[in-house]
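Only one structure is covered here, and it is reproduced in the block below.
Proteins get letters first, then strands, A, B, ... in listed order; numbering begins at 1 in each.
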Amino acid sequence: MAENQKIYDFTSIEKKWQEYWERENTFRAEDDSEKAKYYALDMFPYPSGAGLHIGHPEGYVASDILARYKKACGFNVLHPMGWDAFGLPAEQYAIKTGTHPSVTTRANVDNFRRQIKSIGFAIDWDREINTTDSIYYKWTQWIFLKLFQRGLAYVDEKPVWWCPNLRAVLANEEVVDGKSEVGNHPVERRNLRQVVLRITAYAEKLLEGLDDLDWPDSTKRQQKAWIGKSEGAQVQFEIAGLDEKLEVYTTRPDTLFGATYMVVAPEHPLLKKLVISEKENDVQTYVEAAAKKSDLDRTDLAKDKSGVFTGSYCINPVNGEQIPVWVADYVLISYGTGAIMAVPAHDERDHEFAEKYQIEIRRVIGPQDGEEEKSKLPYSGPGVMVNSGEYDGMEAIACKSKIISDLEEKGVGKGAINYKLRDWIFSRQRYWGEPIPLVWVSKEDYENAKNTKGIVKESLPHDPVTSDKDGETLYALPVPSSELPLKLPEVENYQPAGTGESPLATISEWLDIWFNLETGKSVSRNQVKPDGDNWVSATRETNTMPQWAGSCWYHLRYLDPQNEDQLVDPAKEAYWGSPDFYIGGAEHAVLHLLYARFWHRFLYDEGVLKNPEPYRKLFHQGLILGEDGNKMSKSVGNVVSPDVVIDAYGADSLRLFEMFLGPLEAVKPWSEKGIEGVHRFLKKVHRECLQTEKHLQGEESNKETLKVLHETILKVTEAIEDLRFNVAISQMMILINQLQKVESYSKESIKTLIQLLAPFAPHLSEELWESLGGKPSIANEPWPQARKELLVADEITIVFQVNGKLRGEGQFPKDVDKDSVISAAKADAKVQSFLEGKEIVKEIYVPGKLVNLAAKG
RNA sequence: GCCCGAGUGGCGGAAUUGGUAGACGCAGCGGACUUAAAAUCCGUUGGCCGCAAGGCCGUGGGGGUUCAAGUCCCCCCUUGGGCACCA
């Protein structure tokens, strides 16, 4: 019996306290608390079939330590968890096995929940959410309707990545180096009808909003680069012999005099008119070849530029010169105006092209005396203008705005801003996603809808959203919010339709409906048309939403997960606001984090939310590599499962070691030996707690112990605040080493250590807290306060340096004056030996720390 | 190619503002306890020279600023990440 007590039986301890927390609702977040709130959010996982691997919990442990620490500091803490459960793998599995994705998803979620619970997080499980629940995706659809109503959704034919193996369309960001991100299959271009969100309308707001965010710099930079704002001018060039103008965008209007040719993209609408008859064959061949190239060929690989002269000439508005117009695929139709003025002297790309086709290269930014670097072309920096008529001699940068206003005066140009950001292709031709709540009707029925009072009319955008199908133009009507959720229908076959459409397109009883223009209600068309006036024939939108949709707003739903009438109760949103801490992988730097900012900002503009930004403080945990230093992967066989680690060492050791591995943001390898180290530390703590004969009543009487104790309180507190958990753990190890070393210590001292340890190793801490006579739960105990006055020793050590090298040290009273320290240093035998034959030229004293004698000779 | 970040013992890392480099842990070595092992504890561990006292060198490489540099500046190397014809 006594023997058993001394063993650190983590398995039963962890089971005991996990059950306790669940039974007592220890970590329930109160909606109507007087306390200040603290909201710690993890990027929620996609529950894959493989289960959790050791990398997943890293961020969760970090946020959990913060959550438990903040609770101890008196905050009302919310630390929730949920499932981003729509997505491709469950659908792929369904295609292979016929198992409904909801079945797979449920099993995977159950397994993930079990694994996460086994690590002992301070999660309020009453707030668990799942993006595939219709009570959740009702509101995802609701947000879409709002976007639709505000004209931020439209439908367009877009060239998209089609993956024959996955039989699915992929977004740009899901294609890496010409292969699908999932499964690494080859992909090709196809034109398909897509629902698109006008995120570009939010480019400026998304850019500006970044300034106030406490985010890693690199992530902000990535978003900035992704949005890609540039300022310049749009300039119109007359076309010789044509009554049309060619408009270009340039960031360098100051180099207008150096434009020696023009380029239009192969898809440019004016190209047909520009081509003279002798060039028609050449140009047509070129354009066709360009159309066959994928974006990859046109950008990444094709460093070699190519193009064809159209035979036409433009007239340079600043000097009346005629310059040739070329077509070349290094100019993209999707950016700016799809046409450029080429200035080979001051643009690398134009320079390369001009050299290849022997087009004139004319310098307009000149080198001045001693400016070597400007004499080599192409040169794209600042400088003084030359060969530029009236502008000669001016600073090019200053000249930009002058030229723009001169162009404006002449009516041939204007200042302009462009963004690299493209609209967001929001549709997926898949089954396992949120159905997009739109139906398609004829023009006539659309006009009727506009004239029919009711919720459908109220939800319509100002301009119609249309799409051409089989030569007919169809008009989009919303399935109004009163009809949400629009649930996924059952389907027999999960294979996408061969056309690239989603499997939903094959279920005609769902697809073809009678739609009521007044109420938005619908009835399958294989039933009789209902009585009444406003029933029209309609076809449902078959696309579903991308996986990003559900994660765009989940941080809001945790605040009010069961609300059937509102996305979130405004009172709850007002109290909880946005997360105080958000942690997740850096791989989401631009996609999830930009899309979520877009939706959140939009909801703010709509008056639904009180904060414009969703994630004020963001942190990226670093990858945990396999023990061999490689990325953990099944194929390499270096994956470590938390289940195995918990079996062998317990959840507390797992938690502690994930944090002890190194800085939270660093990429670092797993180590089996390393976890034994922290496990040993926990055993040591366990042993010390049970050695009650060492525990004394009253205050700590050993000065050294008292000092280390308060140093530890201070350092652990600071380290948690700074997310430097590895340092916090080191310091607790120093304290336990001290307690182990001395013969006895105050019981309060070890109780304090247990409190500091509680956020890191909560199960063991609860157990030991109880055994030391504390009242459960330790999670409710206030955080220990360091007494800083104890950290100042009466005696201090001051080191002596000669020429910056350590040569001795001395003990001094803490309020010693400079002169006595310096004379003591000079009197030190070793210091003297290094001063011999030298002259002291400078004496430096850093109070309480060191003396440095600079000597020469 | 461009833009960021990182390089510290055998290993993971510490040194937050320029002020004793290598805390803490792992691994190693020596020892205690034990019939033995496990567990635990104690000591030791950057390199070179030296019997020792001690000295010299040392934070990717080279230069610089400073009384003092892992920390600041310049150049270079290696490595991780992001972007990549956006005019």
Hey, are A/Lys684 and A/Asn737 close enough side-chain-wise for a donor-acceptor pair under 3.5 Å?
yes
Among side-chain atoms of A/Glu352 and A/Tyr357, is any donor-acceptor pair under 3.5 angstrom?
no
Passing option when A/Ser653 is tested against A/His679, A/Arg680, A/Glu658 for side-chain hydrogen bond (donor to acceptor under 3.5 Å, both in side chains):
A/His679
Do A/Gln738 and A/Tyr745 have side-chain N/O donor and acceptor atoms under 3.5 Å apart?
no
For A/Leu723 and B/A14, give me the distance from atom CG to atom P, rounded to whole Å.
14 Å
When all nucleic acid strands are considered with a 4.0 Å heavy-atom cut-off, which category describes A/Phe834: base, sugar-phosphate, or nothing?
sugar-phosphate
Side chain of A/Trp226, heavy atoms from C-beta onward: which of B/C67, B/C41, B/C83 has the nearest atom to it?
B/C83
Minimum-distance nucleotide (side-chain atoms of A/Val799 versus B/U20, B/G19, B/C67)
B/U20
Between B/C42 and B/C33, how far apart are the C1' atoms? Round to whole Å, please.
11 Å
Mind calculating the distance between CD (A/Glu718) and P (B/U17) to the nearest angstrom?
13 Å
Taking NZ in A/Lys224 as the centre, count heavy atoms belonging to other residues, nucleotides or ligands within less than 6.0 Å. Is the count above 12?
no
Between A/Gln691 (CD) and B/U40 (P), how many Å, whole number?
13 Å
Atom CD of A/Glu247 and atom P of B/A87: how far apart are they, to the nearest Å?
16 Å
Could you tell me if the side chain of A/Phe812 sits less than 4.5 Å from the side chain of A/Val821, heavy atoms only?
yes
Should the heavy atoms of other residues, nucleotides or ligands under 6.0 Å from NZ of A/Lys788 be counted, would the total exceed 12?
no
For atom P, what is the distance between B/G63 and B/U59, given to the nearest Å?
12 Å
Look at A/Tyr330 and B/A87 and indicate whether a side-chain polar atom (N or O) is within less than 4.0 Å of OP1 or OP2.
no
What integer number of Å spans the P atoms of B/C3 and B/C57?
38 Å
Within this structure, what is the CG-to-C1' distance between A/Leu664 and B/G13, rounded to whole angstrom?
14 Å
Looking only at side-chain N and O atoms, does A/Lys683 come under 4.0 Å of OP1 or OP2 in B/U40?
yes
Which residue lies more 5' along RNA chain B, comparing A/Pro669 with A/Ala719 via nearest heavy atoms:
A/Pro669
Without hydrogens or angle criteria, can the side chains of A/Gln731 and A/Thr712 be said to hold a donor-acceptor pair below 3.5 Å?
yes
Using the C1' atom as the point on both nucleotides, what is the distance between B/U8 and B/G82, in whole Å?
26 Å
Which sits closer to the 5' end of RNA chain B, A/Lys842 or A/Asp347, going by the nucleotide each is nearest to?
A/Lys842
Rounded distance in Å between the C1' positions of B/C29 and B/G10:
13 Å
Sugar-phosphate only, base, or nothing, as touched by A/Leu661 at under 4.0 Å among non-hydrogen atoms
sugar-phosphate
If you check the A/Arg807 side chain, which of B/G55, B/C85, B/G19 turns out closest?
B/G55
Identify whether any heavy atom of A/Pro663 sits under 4.0 Å from a base atom; if not, whether one sits that close to sugar-phosphate; answer base, sugar-phosphate or nothing.
sugar-phosphate
Side-chain contact, heavy-atom cut-off 4.5 Å: A/His620 with A/Ile583?
no
Value in whole Å for how far the C1' atom of B/G80 lies from CD of A/Glu665
14 Å
Indicate whether OP1 or OP2 belonging to B/C57 is found under 4.0 Å from a side-chain N or O atom of A/Lys805.
yes
How is A/Thr797 classified with respect to the nucleic acid when contacts are heavy atoms under 4.0 Å: base, sugar-phosphate, or nothing?
nothing
Once you measure the plane-to-plane angle for A/Phe353 and A/Tyr261, does it fall in the parallel (<30°), tilted (30-60°) or perpendicular (>60°) bin?
parallel
Readout for nucleotides 22-32 of chain B: B = base within 4.0 Å of protein heavy atom, S = sugar-phosphate only, - = neither; 5' to 3' it is -BBSSS-----
Anti or syn, where syn is a glycosidic angle within 90° of 0; which label fits B/G43?
anti
What distance, rounded to whole Å, do you find between the two P atoms, one in B/G46 and one in B/C11?
13 Å
Indicate, with a heavy-atom threshold strictly under 4.0 Å, whether A/Lys715 touches base, sugar-phosphate, or nothing.
nothing
Taking the P atom of each, how far is B/U71 from B/U20, in whole Å?
13 Å
Using the C1' atom as the reference point in each nucleotide, state the distance between B/C51 and B/C41 in Å, no decimals.
32 Å
The side chain of A/Asn852 lies closest to which of these nucleotides: B/A68, B/G55, B/C41?
B/A68
What's the CE-P distance between A/Met659 and B/G13, to the nearest Å?
14 Å
Please report, rounded to the nearest Å, how far the C1' atom of B/A84 is from the CD atom of A/Glu352.
14 Å
Let's go through A/Lys305 and A/Glu355 carefully: what are the C-alpha distance in whole Å and the side-chain angles of both, what is the deciding distance for salt bridge (Lys or Arg N to Asp or Glu O under 4.0 Å) to 0.1 Å, and is it a yes or a no?
CA-CA 10 Å; A/Lys305 293 188 176 35; A/Glu355 284 208 314; over 6 Å; no
For the residue pair A/Trp215 and A/Phe619, is the inter-centroid distance of their aromatic rings smaller than 6.0 Å?
no
In RNA chain B, stems of three or more consecutive pairs, Watson-Crick or G-U, each with both distances under 3.5 Å, turn out to be B:1-7 with B:77-83, B:10-12 with B:24-26, B:28-32 with B:40-44, B:46-49 with B:54-57, B:60-64 with B:72-76
